[in-house]
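All values below come from the heavy atoms of this structure, side chains included, with hydrogens, waters and symmetry mates left out. All figures in this text were calculated on a predicted structure; none of them were measured in a lab. Residue numbering restarts at 1 for every chain, and letters A, B, ... go by the order of the sequence lines.
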Number of protein chains: 2
Amino acid sequence: MATRTDVCYELLKGRILDGTYGPGHRLVIDQLGREHNISTIPWRESLRRLEAEGWVEIIPNVGARVATFDEGEWARTMRLLARLEGLATALASDELTEADLADARRMNREMREALADFDPMRFTQLNRQFHTVIFHRAPDKHLIALLDTEWARLDFIRRSAFTHAPGRAVESVAEHEALLDLLEAHADADTIETAARQHKLNTLEAVTRHAEARGTALA
Amino acid sequence: MATRTDVCYELLKGRILDGTYGPGHRLVIDQLGREHNISTIPWRESLRRLEAEGWVEIIPNVGARVATFDEGEWARTMRLLARLEGLATALASDELTEADLADARRMNREMREALADFDPMRFTQLNRQFHTVIFHRAPDKHLIALLDTEWARLDFIRRSAFTHAPGRAVESVAEHEALLDLLEAHADADTIETAARQHKLNTLEAVTRHAEARGTALA
DNA sequence: GTCACACGGATCGCATACGATAACCTGTGA
DNA sequence: TCACAGGTTATCGTATGCGATCCGTGTGAC
């Protein structure tokens with residue numbers, strides 16, 4: 001059975017990620033305890049963990065609140081994620097089964113459909129799944145864990161500061177296909193890493209350019 | 001005043017990093033409490049934080065112990081650090097003052113001296129300082145925090161599984177000089193990133209090769 | 001002799017209660 | 001209008017108790 005601390009952690013993280021507890025939301029320990037009939041200790045411990053992971057800020061003698069990210073944080077996370085995912089994708093190359101590649105291709109097809117249906121939510125979701133399937137095969141647990149949290153970070157920030165670049169989605173799907181071709185052909189690690197990194201940097205640049213054109217600062 | 005939780009955290013982390021609590025060392029909460037006259041809760045909270053940062057493993061109903069890393073972890077961390085530091089170095093380029101560069105050059109000179117004096121401890125220490133001075137100027141707090149923990153990880157693992165590559169130190173100093181030249185000349189970001197990344201990968205390769213030659217598995 | 005199982009110590013998980021401390025708000029009086 | 005005192009709120013830290021769980025050990029059946 002999962003410990004209460006785990007339950008509290010999952011509950012809080014879930015609500016932070018799905019937006020129930022938005023940026024800046026105060027997390028009052030006593031209140032949480034009364035609401036869920038769980039004493040303060042598990043809450044305190046899970047808040048410490050969330051603090052270490054960067055989801056929550058704790059100020060001594062004041063309390064905990066959901067972290068807020070300034071707008072530039074999205075760009076910075078993308079920039080970092082490009083490098084991490086470039087590496088992970090290259091490392092995964094040797095580990096990917098044919099079934100994995102088939103899964104990825106299927107997701108990419110579905111993305112094209114989502115695009116035709118004007119379903120951006122589904123597109124975003126599939127995009128994350130597409131990359132997750134690939135990088136989860138990288139033989140480096142620590143790297144995978146980092147990638148998971150950075151992707152979650154990205155999702156969270158996207159909800160607060162909506163980012164978008166019209167037209168980018170089409171290119172993105174094409175780049176996915178090209179990336180899969182490289183993986184299937186067992187291209188050398190450097191080529192794959194560069195392609196995967198550049199794929200993400202292209203998105204970053206498209207969004208940045210779009211934001212600038214609209215006069216919205218991003219950095 | 002720092003909270004007790006902070007005190008416990010610093011104490012534990014310090015002892016883990018300096019080797020007092022080696023890999024696998026059991027951290028019994030009650031015992032810690034009795035030894036330092038601090039009740040269990042601050043210990044529990046700091047252990048949660050250390051767990052999230054990867055320094056400690058907590059098994060429900062069994063207890064906490066200092067994490068152990070298999071030998072391949074050093075190589076994996078270097079591989080990751082190469083990418084992170086490549087990025088951070090490139091980002092720092094525009095922010096570095098002349099004083100920073102002068103500091104870095106001085107450290108590199110001292111590294112050459114340490115080399116002549118056969119003082120590997122000092123060399124290692126200076127090497128870390130050299131890179132720290134540079135990447136701490138990168139305009140990305142989160143990235144810097146990641147780099148700090150990964151470097152600490154590296155130090156910790158090095159102590160458990162000693163890694164070494166004779167002759168590499170000389171090249172390393174030369175590559176530092178070249179890197180500083182690029183930074184001083186405000187070379188473009190890609191060039192700097194590649195150089196910084198490759199610098200670390202060269203060390204990784206040298207050590208791997210040396211280990212293989214000695215028949216010691218590293219991966 | 002060996003294996004399954006029960007027992008007990010060690011340790012954590014969690015609840016509860018209480019005092020200390022710090023931050024914040026508010027109303028009073030000059 | 002402003003400074004300050006006092007109350008409120010919340011966390012921080014301690015103490016204590018009890019149940020749950022894990023794990024090593026030893027007993028007893030076969």
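Under a 4.0 Å N-O distance rule, the pair R153(B)/E150(B) qualifies as a salt bridge. E73(A) and R76(A) are joined by a salt bridge, as a carboxylate oxygen and a charged side-chain nitrogen come within less than 4.0 angstrom of each other.
Closest to the R4(A) side chain, of the nucleotides dC12(D), dG13(D), dA15(C), is dA15(C). Listed nucleotides dA10(D), dG13(C), dT16(C) differ in distance to R48(B); the shortest reach to its side chain belongs to dG13(C). Residue S39(B) has its side chain nearest to dG13(D) when only dT21(D), dG13(D), dT16(C) are considered. Closest contact between the side chain of I29(B) and the listed nucleotides dC12(C), dA15(C), dT11(D) involves dC12(C). Relative to the side chain of V28(B), the nucleotides dT11(C), dA10(D), dT14(D) differ in distance, and dT11(C) lies closest. Nearest to the side-chain atoms of P42(B) among the listed nucleotides dT11(C), dA15(C), dT14(D) stands dT14(D). Among the nucleotides dA15(C), dG13(C), dT11(D), the one closest to the side chain of N61(B) is dG13(C).
Panel note: side chain H136(B), backbone T132(B); no donor-acceptor pair is recorded below 3.5 Å.
Distance, R26(A) CZ to dT9(D) C1': 8 Å, rounded to whole Å. Computed from coordinates, the R65(A) CZ to dT11(D) C1' distance equals 14 Å when rounded to whole Å. Note: CH2 (W43(B)) to P (dT14(D)) measures 10 Å, nearest angstrom.
Contact annotation: T5(A) reaches the phosphate of dC14(C) (side-chain N/O to OP1 or OP2, under 4.0 Å). Between R44(B) and dG13(C) there is a side-chain polar atom (N or O) within less than 4.0 angstrom of OP1 or OP2. Contact annotation: T40(B) does not reach the phosphate of dC12(C) (side-chain N/O to OP1 or OP2, under 4.0 Å).
Rounding to the nearest 0.5 Å gives a distance of 5.0 Å between CG of D155(B) and CZ of R158(B).
Within the 4.5 Å cutoff, the side chain of W55(B) has heavy atoms near those of the L17(B) side chain.
Position along DNA chain D of the nearest nucleotide to V62(A) versus I41(A) favours V62(A) as the more 5'-ward residue.
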